[in-house]
Amino acid sequence: MKDLYSIGEVAKIMGVSIQTLRYYSSIDLLHPKYTNPATGYRYYSVNQLHIIDRIKYLQKLGLSLEEIKSVIHNNDIKELVELLDTHKQRCFDEISRLQDVIDSIEWYKNYFTYVNEDSL
């Protein structure tokens, strides 16, 4: 196993773009383990692959990169749990809102079906 992987290798292994990895660095989310001063090439360690995986997973759950950055930099499980609970509640709220929309759609369908039958 190698100690360091190029940005291209990491992008391919982790299923992210090179631009994404550069963006993570630009927002101070994840910096390469080593940057060659002569070429500017970026290299990542094996341990950083786990961080990239965590970033992808937390994004999939709906956390923002700013929230993820805070969790990773603070390494605070309590903060992560609170963020996940807050996001979970937002999801439940959105489900409720969408259920109201679905109920309204059904009401309108039934109303106009009834009105249309009556007009015949």
Side-chain angles (χ1 to χ4, degrees):
M1 185 179 297
K2 296 178 359 179
D3 289 336
L4 295 174
Y5 294 84
S6 72
I7 192 170
E9 290 172 316
V10 171
K12 187 174 182 178
I13 291 167
M14 299 307 299
V16 298
S17 69
I18 291 171
Q19 292 80 10
T20 295
L21 294 170
R22 288 185 177 138
Y23 182 68
Y24 289 171
S25 182
S26 75
I27 64 169
D28 197 31
L29 176 57
L30 177 68
H31 295 286
K33 183 76 171 177
Y34 173 74
T35 302
N36 185 315
T39 62
Y41 291 172
R42 301 163 191 234
Y43 297 91
Y44 294 82
S45 70
V46 171
N47 291 339
Q48 289 181 297
L49 301 181
H50 301 289
I51 296 170
I52 295 165
D53 192 48
R54 188 175 190 194
I55 293 167
K56 287 174 52 179
Y57 188 74
L58 291 174
Q59 274 190 296
K60 185 178 178 180
L61 294 179
L63 294 178
S64 70
L65 288 177
E66 196 59 39
E67 291 169 324
I68 295 167
K69 181 170 92 171
S70 178
V71 167
I72 288 174
H73 286 263
N74 296 332
N75 199 22
D76 185 351
I77 298 301
K78 183 179 177 194
E79 178 185 6
L80 174 59
V81 170
E82 288 173 1
L83 282 170
L84 290 172
D85 282 341
T86 299
H87 185 63
K88 180 177 155 185
Q89 185 56 52
R90 277 184 268 169
C91 289
F92 280 130
D93 293 346
E94 181 65 7
I95 289 169
S96 178
R97 186 192 69 76
L98 290 171
Q99 187 60 56
D100 288 344
V101 170
I102 291 168
D103 292 345
S104 294
I105 290 169
E106 284 302 312
W107 186 89
Y108 263 72
K109 280 177 39 185
N110 292 334
Y111 174 78
F112 285 109
T113 301
Y114 174 78
V115 168
N116 194 23
E117 288 174 0
D118 223 21
S119 62
L120 291 175

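Because only heavy atoms are used, hydrogens play no part in the values below, and waters and symmetry mates are left out as well, while side chains stay in. None of the values given here were measured: they were computed from a predicted structure.
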Non-hydrogen side-chain atoms of [X] and [Y] separated by less than 4.5 Å:
{"X": "Val46", "Y": "Leu4", "result": "no"}
{"X": "Leu83", "Y": "His87", "result": "no"}
{"X": "Gln48", "Y": "Val10", "result": "no"}
{"X": "Gln59", "Y": "Leu63", "result": "no"}
{"X": "Ile52", "Y": "Leu21", "result": "yes"}
{"X": "Leu80", "Y": "Arg54", "result": "yes"}
{"X": "Ser6", "Y": "Tyr43", "result": "yes"}

Spatial distance of atom [atom1] ([X]) from atom [atom2] ([Y]) [nearest 0.5 Å]:
{"X": "Ser104", "Y": "Tyr111", "atom1": "OG", "atom2": "OH", "value": "14.5 Å"}
{"X": "Leu30", "Y": "Ile68", "atom1": "CG", "atom2": "CD1", "value": "11.5 Å"}
{"X": "Glu67", "Y": "Leu84", "atom1": "CD", "atom2": "CG", "value": "9.0 Å"}
{"X": "Tyr24", "Y": "Tyr44", "atom1": "OH", "atom2": "OH", "value": "10.0 Å"}
{"X": "Ile18", "Y": "Ile7", "atom1": "CD1", "atom2": "CD1", "value": "6.0 Å"}

Check whether the side chains of Asp93 and Gln89 place a donor and an acceptor atom closer than 3.5 Å, and report yes or no.
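Side-chain D/A pair, Asp93 to Gln89: present.
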Looking only at the side chains, is there a donor atom on one of Asp103 and Gln99 sitting less than 3.5 Å from an acceptor on the other?
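The criterion, which ignores hydrogens and geometry beyond distance, is satisfied for Gln99 and Asp103.
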side-chain contact (heavy atoms from CB on, under 4.5 Å) between Arg42 and Arg22, intermediate numbers included:
CA-CA 9 Å; Arg42 301 163 191 234; Arg22 288 185 177 138; 3.9 Å; yes
Return the minimal non-hydrogen interatomic distance between [X] and [Y], and the atom names on each side.
{"X": "Lys56", "Y": "Val16", "answer": "CD-CG1, 3.6 Å"}
{"X": "Pro32", "Y": "Ser25", "answer": "CD-OG, 3.9 Å"}
{"X": "Leu49", "Y": "Met14", "answer": "O-CE, 3.3 Å"}

[X]-[Y] co-clustered via ILVMFWY side chain contacts under 4.5 Å:
{"X": "Val71", "Y": "Tyr23", "value": "yes"}
{"X": "Tyr34", "Y": "Ile13", "value": "no"}
{"X": "Trp107", "Y": "Leu98", "value": "no"}

Hey, are Lys12 and Glu9 close enough for a salt bridge, meaning a charged N less than 4.0 Å from a carboxylate O?
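Result for this pair is no, no salt bridge flagged.
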Please indicate whether Tyr41 has more than 12 foreign heavy atoms, meaning atoms of other residues, nucleotides or ligands, lying under 6.0 Å from its OH.
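It does not: Tyr41 OH has 12 such atoms or fewer within range.
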State whether the number of non-hydrogen atoms from other residues, nucleotides or ligands found under 6.0 Å of Lys60 atom NZ is greater than 12.
no
Leu65/Lys69 under side-chain contact (heavy atoms from CB on, under 4.5 Å): CA gap, chis, key distance, verdict
CA-CA 6 Å; Leu65 288 177; Lys69 181 170 92 171; over 6 Å; no
Kindly determine whether Ile105 and Lys109 satisfy side-chain contact (heavy atoms from CB on, under 4.5 Å), including the steps that lead there.
CA-CA 6 Å; Ile105 290 169; Lys109 280 177 39 185; 4.2 Å; yes
Can you list the steps and then say if Glu94 with Lys88 is a salt bridge (Lys or Arg N to Asp or Glu O under 4.0 Å)?
CA-CA 10 Å; Glu94 181 65 7; Lys88 180 177 155 185; over 6 Å; no
Backbone N/O of Asp76 and side chain of Asn74: donor-acceptor pair under 3.5 Å:
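Between the backbone of Asp76 and the side chain of Asn74 there is no qualifying donor-acceptor contact (under 3.5 Å).
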